[in-house]
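Sharing a structure here in C-alpha cells format.
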Amino acid sequence: MSDPLSHSAHAHPLAPGEVVVHRNVVLLETDDPTLLAEIQQDARVRSAIVAQLSPQVALVRREAAARFIEILRKAGHTPKVHET
Amino acid sequence: MSFRTIHANIPRGAPTRFDAYLEWLDATTLNQMARPVLGPETPKLKKPDCLRELLSALRDPRAYDAMAGQLDDWSRCGLSLIRRYGGSLPVYELGGALWMCAHPDRKRADPAQGFVGALLTFQSRGLVLFANPVFHPSANTSPVARSVAFADARLLAAARPCAPPPLPVTPVSVKRETLRATAMRGPAEVALRISTLVEAIEREGGLALTQQGRPNRSAVNRLGKALTGAKTTIPRPAEPLNDESGLLTGLLVAAGLLQQGPNQASLAISQTTRDHLNESYEQQTRRWAWSYQTLTGWAEAQPGGAREPIQLNRPGTLNALRAALLVALAALPDPTAWYPFPEFAAAMQNALCGVVSLRPNLETYDSTFVYMARRERLARFQRQEQLYQASWSSWELPWLEAAFRGVLYHLGLVEVAIPATSPDTLLFRLTDLGRTAIWDVWRANAGPAEGDAHARAATAAGGAVPGNYWVVQPNLDVVVTLNGLPSDRLAFIGRIAARQSAAQHVATFRLTRQSIYHALESGLAFSTILDDLTAGAGQPLAPTVVRTLHDWAGYRERLQVRQAVTLLEFPNSAERDETAAQLRSAAAPLGECFLRLQGPAVPEEIRPRIQRELHYGFSSAPCLTVSEDGVLTELRLPNLEIRAHLGHWAEPSATHPGEWRLTPESIRAGVRSRGNSDDLWHILLPQAQDKETPPLLVIALGAWTASTPNTNVSLATVTVLHVTDPGTLDAVRRSPLLAPFLAHEIGSGTFLIPTERVAEMEALLRRFGIEPQRSLPPPKPKRVETYQSPDIGLGDFPSNRHGRRRW
C-alpha cells in the first residue's frame, strides 16, 4: 500500500517541476525516534498527532496545537516551542 | 448645572485637548466654562458665538497661562491629580479625591449637588470635561459609573502643581520600644508576592475567564495556592487578606499587566509585565497604589450586613473612598510621623461625610438631584448627611480600619502598630515606600530609586552587577536575602526559580527543571540565566549545579514544537534534494519529498513552480465527495492532515488514484489506531462537498465504529391472507372459526397468518368452498389525474402533492 501522505497516492498528483506549499503547519520534532514513539503511545496526545513525516518528525493537527503543548508539559516534557 | 458627558473614548495617558469636544456642551455649561477665558461678558453670548470666540481664544497659549494664573489651590490640586494619572481619571476617583482636597472649605464644592458637586464645580470652571464611551441620549441621566474626567493637556502643563492641604491630624511621638506590636512589609516582600503570582499565571498559561469576562474563581484560587505554598505569618496588628490572589490579580488587571489573550477566553501576562517587574520598587508601588484605587468590589473587608454591592463589577463608591484615602495619606502633615488611626478616620469623616457612603440605601450619586430646586436639594443633602454620620461607625470606619490592617499593609504602604500603653488604639505611619509612592509624588520629584540605579549600573557594566544577593546551594536551593535586593534581581530569581518559603528578610527558592524550562520559554537565554545567577551569588556556582542546569536546557532542545511552519512538497526526492542544495541552510529536508523552510517566505526561485498553496488552521474548501456505499472521491489534492486521515480510515482503490472506500475493516483499523472515531466524524467526513453524509452510510459507520451490529431492523418470512371480494372479506372478518388464525390485519383485506397454522387454515377455507390462490394479485396501478386545459391556462395553477389542484 502506498504512503497516504505522498501526493502520488491521490488524485491530481504533482507533475515534475511542480511544488505544493503547505503553510501554517505544526510539527513535533525530536532528535530521538524512540522519544517520538513514546509520545505517540500516550493516549492523551495521540489524537493531536496526525501522522509521522519522518522517524523524528510528526505532523500535529493545527487546531489542537495549543492543547497538545499543554498536555506535553503536564506529562513532564519540556518542549521548546517556536511560535513562528 | 447637570452632570453631562460627551460621547467619546478618552484613552488613558493620551494628551487631550478640549477643542474637539466643546460643541457637545449645552449653552449654560459652555458659558460657564468660557467665563474664565472670555471674561464677565460671556453670558450675553449665544452658544455659536461663545463657541467660536472660546476656540479662537484657546488658540493662544497665553490663554492657558491666564487661566492657570487664576486657579485657587483646590483647582490646582485637582489638576495635579489628573496630571499624575496621565490627563484623565474615572469620575468616582476624581470626585472622592476632590472632596478630600476640599476639606478646609467644603463650600468650594457645591454641597447641594451631593457627590457630583465637586465634579460639577470643576466643570463649571472649565477645568474638566466628562466623557463616556457609551452614548446616552439623555445627558441629564448619563451614568456616572463608567465616565471619565479629562483635562486639557495645555492647561495641565500651565498649572502649577499643588499638594493637598494638610489634614487636621496631630502626629504622636512614639519610641519603638513603647510599641507592643508592629507590622510592616518590606519592598522586596511585596514585589516577591506579585512576581510569584505573575510566574504562576505564566506557568498556568494564563488565567481563565468566565463567560461574563471575569477571572474564573477556581483559577484564581489555584493561584492562591502558589502564594500560600510557602506559609508567611502575618504579624499583629496587621491581618491576612481574605482573598490575596484575587486582590493581586485585580491589581495586575487594573495596571494593564494582565490583559485579555488572543483567544478572548483568558487573561495573559502582557509584554510589558517583565519590564514592570524590573522597575524600582517605588515605581512598582506607585502603580499598585493607583491600581488599588480603581479596583471594584470589597478588596478590604465587607462590613457586616453588607450585600454584594451592585458596584462589585463597576466603579462606584468604593473607588471614591479609596481615592480619598490615598489623598488623605498624601495630606498627612509629616510623612515620617506616627498617627493615631481614630483621629485620621475622624478627619476623613469630616471631609467626606454627606457625599460618600458605603451603606446601600445611601446612594453616593443621585441623578434625581438635578430635577430638584436648589433649596430642596440642600435640605435633602443635610438630611442625608445626618444619616451618613449615623452610619459611619458601622460602615465606613470598619472598612477604613480593614484597609490599614489589610491592603495598605500588604502593599507595603503603611506600618501599623499597637502602643503598649493603649492596646485598643491603632497607630500607623507611611513606610519609606509609601511615602515615596503616595506623599512625595504630590510634591518634589522623587530622586533616582534604588532599582533604577542598579539598572543603570547593569547597563553600564554590560550585564548583571555582581553582588551577594543569594546563595545557590548544591541541592539547587537558592537562599535570597531580601534586604537591599534590587527589584530587577528579585524579578530575575522569581523568573528562574520556584519560591519555597518567605520570611521578612529571607526567601528560599528552588531551581527546578520546570522553572528553568519556563524561564527559557519566557525568552531568557540560557547564558543569561547562568551568568546572572553566578553574578547574584557573588561567586562561581558549584559544578554539579552548572551541569544540572545544562542538562535541563538540553532536555528542552530534544523536543521541539514548531508552529506556523512552511513546508514545500516536491514530486520526488530527487527534485527535493536538488532544491535543498540550492537553498542550503534556508531549508531542511524532511521525509521523502518535503522541505521545511526556516521562515514563512517562499524563495523567489521556487515561486514560479508553485502548483498550489494549502493553508492549515483555516476552514478549507471541501475536497471530497462521499457516496452512500462509502466511496470517497478526491476533488483535488487534499492537505496533509486530510491525506493522513484518509489513510487512517479508508482503503485506497487499487485502480483509481484519488478514490478511497470506507469499509468495516478500515473503520475498525482506524478506531484501533486513533483510539476513537472523533477524527472520522469531525475531520474527514466534514470534508465532503455535500455537507450531509448519506444517512445509510452514517448508520453503517455507527455500526462499524461501535463494532456491534444495528439490531433495530427485522427481516422475516411471513404468510398473508389477501381477500379482494368485499362479501368474502366481511365473512372472514366476522367468522369465529377463522379468528384464531388471523394474527393481524396489516391492510384492508390482508391478514398475517402464523406460519405454523397455514395448512390447518387452508383446510378450513377449503371446507367452506374457498380455494386460496398461491400468489398475490398484482397491485392496481395508481390512478393519475390529468387535466387538459385548452384555453384558460388552468394547468398553471399549483397542485398539491396528491396532484389535486388547489383553488
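Proteins get letters first, then strands, A, B, ... in listed order; numbering begins at 1 in each.
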>> Tell me which of these, B:Thr633, B:Thr566, B:Leu590, B:Leu640, has more heavy-atom pairs under 4.5 Å with chain A than the rest.
In response: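 Ranked by heavy-atom pairs under 4.5 Å with chain A, first place is B:Leu640.
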>> So which atom in A:Gln41 and which in A:Arg46 form the shortest heavy-atom distance, rounded to 0.1 Å?
In response: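 Heavy-atom minimum between the residues: O-NH2, 3.8 Å.
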>> Please classify the contact between A:Leu35 and chain B as side chain, backbone, both or neither, with a heavy-atom cut-off of under 4.5 Å.
In response: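 Just the side chain, heavy atoms under 4.5 Å.
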> Hey, does the Lys NZ or Arg CZ of B:Arg513 hover above the aromatic six-ring of B:Tyr555, less than 6.0 Å from the centre and inside 45° of the axis?
Replying inline: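 Checked: cation-pi criterion met.
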> Got a donor-acceptor contact below 3.5 angstrom from the B:Arg576 side chain to the B:Pro571 backbone?
Replying inline: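 Such a contact is absent between B:Arg576 side chain and B:Pro571 backbone.
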>> Please classify the contact of A:Ala58 with chain B as side chain, backbone, both or neither, using a heavy-atom distance under 4.5 Å.
In response: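 Neither part.
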> Side chain, backbone, both or neither: which part of A:Glu63 has an atom under 4.5 Å from a heavy atom of chain B?
Replying inline: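 Only the side chain of A:Glu63 comes within 4.5 Å of chain B.
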>> Let's test your reading of the structure: which of B:Ser673, B:Ser653, B:Gly599 forms the most heavy-atom pairs below 4.5 Å with chain A?
In response: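 Looking at each of B:Ser673, B:Ser653, B:Gly599 in turn, B:Ser673 comes out on top.
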>> So does B:Leu637 get a backbone contact from the side chain of B:Arg612, meaning a donor-acceptor N/O pair under 3.5 Å?
In response: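 Flag set: sc B:Arg612 to bb B:Leu637 pair under 3.5 Å.
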>> Counting the benzene-type ring for Trp, do B:Phe526 and B:His550 have ring centres under 6.0 Å apart?
In response: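 Centroid distance B:Phe526-B:His550: below 6.0 Å, so yes.
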>> So which residue, B:Arg556, B:Glu659, B:Glu641, B:Glu592, ends up with the most heavy-atom pairs under 4.5 Å with chain A?
In response: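 Of B:Arg556, B:Glu659, B:Glu641, B:Glu592, B:Arg556 has the most heavy-atom pairs under 4.5 Å with chain A.
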> Sub-3.5 Å donor-acceptor pair from the side chain of B:Gln560 to the main-chain atoms of B:Glu557, do we have one?
Replying inline: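 Such a contact is found between B:Gln560 side chain and B:Glu557 backbone.
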>> Heavy-atom pairs under 4.5 Å with chain B: which of A:Ile69, A:Leu36, A:Val60 has the most?
In response: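 The candidate making the most pairs under 4.5 Å is A:Ile69.
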>> Please find the pair of heavy atoms, one from B:Leu632 and one from B:Ala650, that lie closest to each other, and give the distance.
In response: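 Heavy atoms of B:Leu632 and B:Ala650 come nearest at CD1-CB, 4.2 Å.
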>> Less than 4.5 Å to any heavy atom of chain A: does that hold for the side chain of B:Ile610, its backbone, both, or neither?
In response: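 It is both, since atoms from each part get that close.
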>> Less than 4.5 Å to any heavy atom of chain A: does that hold for the side chain of B:Ile683, its backbone, both, or neither?
In response: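 Side chain of B:Ile683 only, per the 4.5 Å heavy-atom cut-off to chain A.
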> Most heavy-atom pairs under 4.5 angstrom with chain A, which of B:His656, B:His615, B:Arg674, B:Gln514?
Replying inline: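 Ranked by heavy-atom pairs under 4.5 Å with chain A, first place is B:Arg674.
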> Which one of A:Gln52, A:Gln56, A:Arg61, A:Glu70 has the most heavy-atom pairs closer than 4.5 Å to chain B?
Replying inline: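 When all of A:Gln52, A:Gln56, A:Arg61, A:Glu70 are compared, A:Arg61 has the most.
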> Thinking salt bridges, do B:Glu569 and B:Arg596 make one under a 4.0 Å N-O criterion?
Replying inline: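 No salt bridge links B:Glu569 with B:Arg596.
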>> Given heavy-atom pairs under 4.5 angstrom as the criterion, report whether the side chain, backbone, both or neither of B:Glu613 touches chain A.
In response: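 When you check distances to chain A, atoms from both the backbone and side chain of B:Glu613 fall under 4.5 Å.
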> What part of A:Leu72 is in contact with chain B, defined as an atom under 4.5 angstrom from a non-hydrogen atom: side chain, backbone, both or neither?
Replying inline: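 Contact with chain B involves the side chain of A:Leu72 alone.
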> Side chain, backbone, both or neither: which part of A:Leu53 has an atom under 4.5 Å from a heavy atom of chain B?
Replying inline: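 Both parts, heavy atoms under 4.5 Å.
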>> Report which part of A:Val81 has an atom under 4.5 Å of a heavy atom belonging to chain B: side chain, backbone, both, or neither.
In response: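 For A:Val81, backbone and side chain are both near chain B.
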> When only pairs under 4.5 Å are counted, which of A:His7, A:Lys80, A:Glu18 shares the most heavy-atom pairs with chain B?
Replying inline: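 Between A:His7, A:Lys80, A:Glu18, the count favours A:Lys80.
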> Who wins among A:Ala65, A:Ser47, A:Ala66 for the most heavy-atom pairs under 4.5 Å with chain B?
Replying inline: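 Looking at each option in turn, the highest pair count goes to A:Ser47.
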> Do B:Trp552 and B:Thr548 have side-chain N/O donor and acceptor atoms under 3.5 Å apart?
Replying inline: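 There is no such pair (donor and acceptor under 3.5 Å, judged by atom type) between the side chains of B:Trp552 and B:Thr548.
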> Non-hydrogen atoms of chain A under 4.5 Å away: do they reach the side chain of B:Pro608, the backbone, both or neither?
Replying inline: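 Answer is neither: B:Pro608 stays 4.5 Å or more from chain A.
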> With distance as the sole criterion, is a donor-acceptor pair present between the side chains of A:Arg73 and B:Tyr517 under 3.5 Å?
Replying inline: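 Yes.
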> Does any heavy atom of chain B fall under 4.5 Å from the side chain of A:Asp31, the backbone, both, or neither of them?
Replying inline: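 For A:Asp31, the contact with chain B is made by backbone and side chain together.
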> Between the side chains of A:Thr34 and A:Asp32, does any donor sit under 3.5 Å from an acceptor?
Replying inline: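 Their side chains do contain a donor-acceptor pair, which is all the 3.5 Å distance test asks for.
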> Relative to chain A, which segment of B:Glu575 carries a heavy atom at a distance below 4.5 Å: side chain, backbone, both, or neither?
Replying inline: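 Side chain of B:Glu575 only, per the 4.5 Å heavy-atom cut-off to chain A.
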> When the ring planes of A:His22 and B:Phe594 are compared, do they come out parallel, tilted or perpendicular, using 30° and 60° as the limits?
Replying inline: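 Plane angle over 60°, so perpendicular.
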>> If you count heavy-atom pairs within less than 4.5 Å of chain A, which of B:Glu521, B:His518, B:His648, B:Arg636 leads?
In response: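 Result: the option with the highest number of such pairs is B:Glu521.
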>> Keeping B:Arg661 on the side-chain end and B:Glu651 on the backbone end, is there a donor-acceptor pair under 3.5 Å?
In response: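 Answer holds: no.
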> Is it the side chain or the backbone of A:Leu27 that comes within 4.5 Å of chain B heavy atoms, both, or neither?
Replying inline: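 When you check distances to chain B, atoms from both the backbone and side chain of A:Leu27 fall under 4.5 Å.
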